[in-house]
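Below is one structure, written out as structure tokens; comments come after it.
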Amino acid sequence: MAKRIIKKVAVLGSGVMGSRIACHFAGIGLPVLLLDIVPNEAKESDNKAARNKIVNDALATAVKSNPSPIYTKDVVKKISTGNFDDNLKDIASCDWVIEVVVERLDIKQSLYERVEQYRKPGTLITSNTSGIPIGMLSQGRSADFKKHFCGTHFFNPPRYLRLLEIIPTPDTDASVVDFLMDYGDRYLGKTTVLAKDTPAFIANRIGVWGMMAIFGLIDKMGMTIDEVDALTGPLIGRPKSATFRTADVVGIDTLVKVAKGVYDNCPQDEQRDTFQIPSWLNKVTENNWLGDKSGQGFFKKTKGAGGEKEILTLDLKTLEYGPRVKPKFASVDAAKAVEDLKQRLQMLTAAPDRAGEFLRHFHYGLFSYISHRIPEISDELYRIDDAMMAGFGWEIGAFESWDVLGVERSVKKMKEAGYTVAPWVEEMIAAGNKSFYKVEGGQRLAYDPATKTYKPIPGGGDFIVLRHNKEVWKNSAAQVFDIGDGVLGLQWQSKMNSIGGDVLAGINKAIELAEKDYKGLVIANEGPNFSAGANVGMIFMLAVEQEWDELDFAIRFFQNTMMRVRYSSVPVVVAPHALALGGACEMSLHADKCCPAAETYTGLVELGVGLIPGGGGTKEFVLRASDEMHEDEPETITLKNRFLTIATAKVATSALEGFNIGVYRKGLDEVVMNPGRRIAAARQSVTELYEAGYVQPVPRTDVRVLGRSGLGSLYAGIHGMVQGRYATEHDATVARKLAYVMCGGDLSEQSLVSEQYLLDLEREAFLSLCGERKTLERIQGVLKTGKPVRN
């Protein structure tokens, strides 16, 4: 069979989901045709703009929305718009047609009838429905249509929520399913989960059960909304929006609709009654308090007496709004100090207070429910965990949580508390199998209830988890692993994965080990963020104590480590994801290659705390500006652009934007759509660089700096910013120091200087700024509130 290639996609329906799915496909580089209905008032018109008003307005709204559905501004150029009457014929040029119209069977089926007139045989046709059985949609269609039809359920917002459920019908060709599973993962960056055609599929079935079960516990235990959201958010590895805030964001009416759908269509569900809508929830929807879309739901934004914003919480007994009350639980206060989620879960569920009781009941109910959903909604337990992590933002899956709390021990306690488990779990324990997951030879295996054996999770080789490999070395913060193919991997754990002395020592040791016995090194980690940068707490403490020699030593150590990354005798590849700020961005700048996940937010942000990049970042931007200067342009333009990127603490809002701000290098660094694949991509890059005959680079001595001519131009710009009140006096002080370093100091003419010369200037400027009171106020603000003081 010829290899299927997707060159162009059509999205039918431009509502909230359709427009954002179109943006995501355009974001990965594909041309997209986005179509919707002709407005009633334009039916007789031949004015193209009037006929395409619905689709064009929807796309414009999507592009302006926050969070942005696009990786870069240019993405929109890849989307062409039209309407079903004039442009449905254009789907003949598309390889994949995705239907995202209103959730009504008759409307969808009549659209498919028209689609069949124009789609070329073999074209994929999929539906994003979540409320209609997939098998009903293709009834009455041709054999070729049915063979290439299935459900592809994206989660909103599609750019950020990583779940894509693939739901085949009995008629769907197996090769189509295989293709979509691979394409969604590799090109769309999704966790693709094969789901059965059951109500709410996998993620919504379990996720909405979880919310409804919590509503039941509230009534039973007399909990408040504020208490529940404090217990069901990041504390237990769930998103900040926890339970009730999530309902407000998603829409309370949507939640009720899914719950009713499961109640009506799953008569065999042993916990069916959990999906019954409590009386207070019916009243909330009757009042049209549907969450963010209606301006109020479980929470309501208002203005206090002094005009400041205030968020009120709904009292479920009186259905009146009142001030938020911060809950106090002794067990929560103790657990908050524990960084490790698994340890925290064990502590919390063992606690004797109300918080512990609530979390025990919630987890026992969850474990009971998921055990009974196999094989109803999925044959494989790991698919349920994948769906919950990717669709609902759970840090660890439900079966993995069960492993953390001890399967055998939990089952005993569950029975004592009146909860049942599915027979296959009891059989698993009886056979001496104590966990759902285990790691053997660096490979993760999951228990398979059908065969009663452990099986490798598919694609394991492409999804490298560093900690599953052989540990070679470690200190208090960092670990080095042998990740196979003759490559080492380094990761570290600290608050926000900040980079302190132990992490720098780990980087140096990892390079030393790699130079001795390996092809090269991958630097990555698996925390929520790659790194928020250097340890500013340490910098603040040394500066306040006026330990200038120690601070000088710390900055030198950072600079020397970054230069070690650049000038090692083996390739070093960095694989960042999420936040990669300040010092973490500097590490990326010095690597032989970067393999960032598409969702990587990077930049040199030190100006925000009254400092300049001091770990080689300023030097590196000067070096790159020097290499980019050419005869045809005024020399200051390239340097000015680089200067402004640092001076405005610009952060790329995606890895693709990281190229636009000059952090990543076109033709060298490589964006990886699926964050789970970035470590394998980085390992592959190390191997390729090594096998291409990697030669150790030599420190540069030919960096062109502009001296006074550049300084004059930059100083004038800084003066203008202050005069226009775009910058404070302290902003100007810091910016002038930055300009001084970037121009190579007060040189009378353009000169060629060494990297070390620039590093020395950079370090001197950094140290002098650490002595400024206003800089220390900014750093203190960040340490206390996470935001710098504007002074």
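Note that the structure is a prediction, hence the values are computed from the model and not measured.
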T561 to N508 - nearest heavy-atom pair and separation: OG1-ND2, 3.0 Å
Distance-only check: which donor-acceptor pairs under 3.5 Å involve side-chain atoms of residues 67-78, not counting sequence neighbours?
{"unit_1": "S68", "atom_1": "OG", "unit_2": "I70", "atom_2": "N", "d": "3.2"}
{"unit_1": "S68", "atom_1": "OG", "unit_2": "I70", "atom_2": "O", "d": "3.3"}

Note: I661 and K650 closest approach over all heavy atoms is CG2-CD, 3.7 Å
Around atom CG of D746, are there more than 12 heavy atoms of other residues, nucleotides or ligands at under 6.0 Å? yes
Is any side-chain heavy atom of E599 less than 4.5 Å from a side-chain heavy atom of Y601? yes
Given 3.5 Å as the limit, does a donor-acceptor pair link the side chain of S626 with the main chain of V703, or not? no
In residues 715-726, what donor-acceptor pairs under 3.5 Å come from side-chain atoms, sequence neighbours left out?
none

Using the rule side-chain contact (heavy atoms from CB on, under 4.5 Å), only one of L783, V782, V609 pairs with F540; which is it? L783
Flag yes if more than 12 heavy atoms outside E729 fall under 6.0 Å of its CD atom; otherwise flag no. no
Backbone of M541 reached by a side-chain donor or acceptor of E545 within 3.5 Å: no
Would you name the heavy atoms of V663 and R624 that are closest together and state the gap between them? O-NH1, 2.8 Å
Compute whether any side-chain donor of one residue and acceptor of the other, for S569 and E515, lie under 3.5 angstrom apart. yes
Any idea which heavy atoms bring N475 and D502 closest together, and the distance? ND2-O, 2.9 Å
Between S713 and S709 (side chain of the first, backbone of the second, donor and acceptor by atom type, cut-off under 3.5 Å), is there such a pair? no
So, for T600 and A580, which heavy atoms are closest and what is the spacing to 0.1 Å? CG2-CB, 4.1 Å
What pair of heavy atoms forms the shortest contact from V686 to G520, and how long is it? CG1-CA, 3.6 Å
For W548 and F553: C-alpha separation, side-chain torsions, deciding distance, then whether ring-ring contact (aromatic ring centres under 6.0 Å, His included) applies. CA-CA 8 Å; W548 302 118; F553 174 80; over 10 Å; no
Can you list every salt bridge (Lys or Arg N to Asp or Glu O under 4.0 Å) pair that touches residues 522-541, not counting sequence neighbours? R467-E526
